[in-house]
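Single-structure report; data block below.
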Amino acid sequence: MSKTIKRRKQMAHDSTRRHTWPSRDRTVGTQTQWEQKENSLVIINDPIWGPIERHPLCVRVIDTPEFQGLRSIKQLGGCSYVYPGACHNRFEHSIGTSYLAGCLGRALQKKINEQGLRKLEISEKEILCLELGGLCHDLGHGPFSHLFDLMFYPRVKMKNDDLPRWTKPFDGYKTYKNQPEKQFFFEIIANDLNSIDVDKWDYFSRDCHMLGLHHNFQCERTIKLAKVVEHDGKWHVSYPKSEWFNLFDMYYTRFTLHRRAYQHQVVKAVEIMITDALLKADKWLTFPPGAKNGVCLSESVIDMNAYLFVTDEVLHQIRMLPSKSTEENKKDIEDAIEILDRINRRDLYRLVGESKITWKDQPNQEKKKDYKQSLQEWMKSEKFNEWMKQNEIEEVDLKLYHTERTGLILFPRKGQKCERKLTVERFPSVIHLHVAK
């Protein structure tokens, strides 16, 4: 009997140790437990890239509540209401981005070693950091991805100045201010210089696959041809001139996805309606759900314990809201639920008109503001007002949505000084005007 008890205790102890990340100073024979764990990679079967190996530290990040929450955030927001297959989420996209970040890092590592550029040498630890960066790059997304930060949050911010400004991450280039030759690392996952990065390579392939759209861009070829090149004293991830057409296909794929999916008129109508429902229910929602001292939806961004629960499930939470005694609460909740019911009945906001524009130079906030004001003036024209009266449409029912698409391409070639460093291709912006009635 005593042997059985001892055996059970030993099994429980071994089970606990299996789920405990070992510290570096514990040794087993000649290897540390860290090194033993490091050699036991985990294989994940991805529908786009096939079986991919992940480092145990990446798996540790994946197995956290913060990362698991990405399972409940759709990659394409309201696109699933037009393309039924567009139900993939940020979870799988982040894993794919991590995989491509490691692939590009190793390809650059090989080229650097072949060139003998010792100051640019990429270590295995730095490649692991790239893979972790790819995993974590989307952890800040809210419900329906960009709907939350681009459509919902700016409108609640206008009413509440106490809310923080939605900002981009810190300037990564400053991390290597003492090592400028290593700044090219920040062009791998999210490239602010020319938008050629592994984040886009994954979601272009993944989105086209799930939407049922075809594309010609092959990121595997681009990865094999990538190289780190010096220009004006700075090192950049670059591609040979022979990749011109493949990279052109990449930008055309981006244009096609925006035109046929991301900015589809019905998708925008659905997302505007979801935004209106969130605005109506904002102050009546509580996060964490059911908490006595919880915060509302818009204020959840300043409380990470609450923001952990802010996912696409918020639409179900709206339907579960209790109608309290106040008339304001009752009307807001009823209006929000009615908007969600309209989406389910396919009684969507109607598209009134669409306008395409092309920016002659880089648009700034002032130009965008002036253009938006001119559009609003156009909305008040006599013919438009007459049309509104005939259809019994009020001005408050109009929803103006503006989007833009940009493209920057870097084409350095071996042996050249790269005077023509940047080639700018600007795709036309699209203006959608929807009627809520």
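- Below 30°, between 30° and 60°, or above 60°: for Tyr252 and Phe248 the angle between ring planes is below 30°, a parallel geometry.
- Using a 4.5 Å cut-off on side-chain heavy atoms (C-beta onward), Lys111 and Glu114 make contact.
- Side-chain atoms of His137 come within 3.5 Å of backbone atoms of Gly134 as a donor-acceptor pair (strictly under, hydrogens ignored).
- Put simply, the side chain of Ser205 gets close to the backbone of Trp201: a donor and an acceptor are under 3.5 Å apart.
- Look at Asp149 and Lys157 and you find no salt bridge, because none of the NZ, NE, NH1 or NH2 atoms lies under 4.0 Å from a carboxylate O.
- In this model, a donor atom of one side chain and an acceptor atom of the other lie less than 3.5 Å apart for Ser98 and Arg54.
- Taking a cutoff of 4.0 Å between a charged side-chain nitrogen and a carboxylate oxygen, Arg319 and Asp341 qualify as a salt bridge.
- Electrostatic pairing of Lys283 and Glu299 does not count as a salt bridge here, judged by no charged N lying under 4.0 Å from a carboxylate O.
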Could you list the donor-acceptor pairs under 3.5 angstrom formed between side-chain atoms of residues 74-83 and any protein atom two or more places apart in sequence or on another chain?
unit_1, atom_1, unit_2, atom_2, d
Gln75, OE1, Arg90, NE, 3.4
Tyr83, OH, Arg260, O, 2.7

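- Taking each heavy atom of Ser298 and Leu163 in turn, the nearest pair found is O-CD2, 3.6 Å.
- In this structure, a donor-acceptor pair under 3.5 Å is absent between the side chains of Tyr239 and Asn246.
- A donor-acceptor contact under 3.5 angstrom links the side chains of Gln68 and Arg71, judged on distance only.
- Interatomic distance, Ile188 CD1 to Cys129 SG, rounded to the nearest 0.5 Å: 11.5 Å.
- Between Trp49 and Tyr99, the angle of the ring planes lies from 30° to 60°, which puts this pair in the tilted group.
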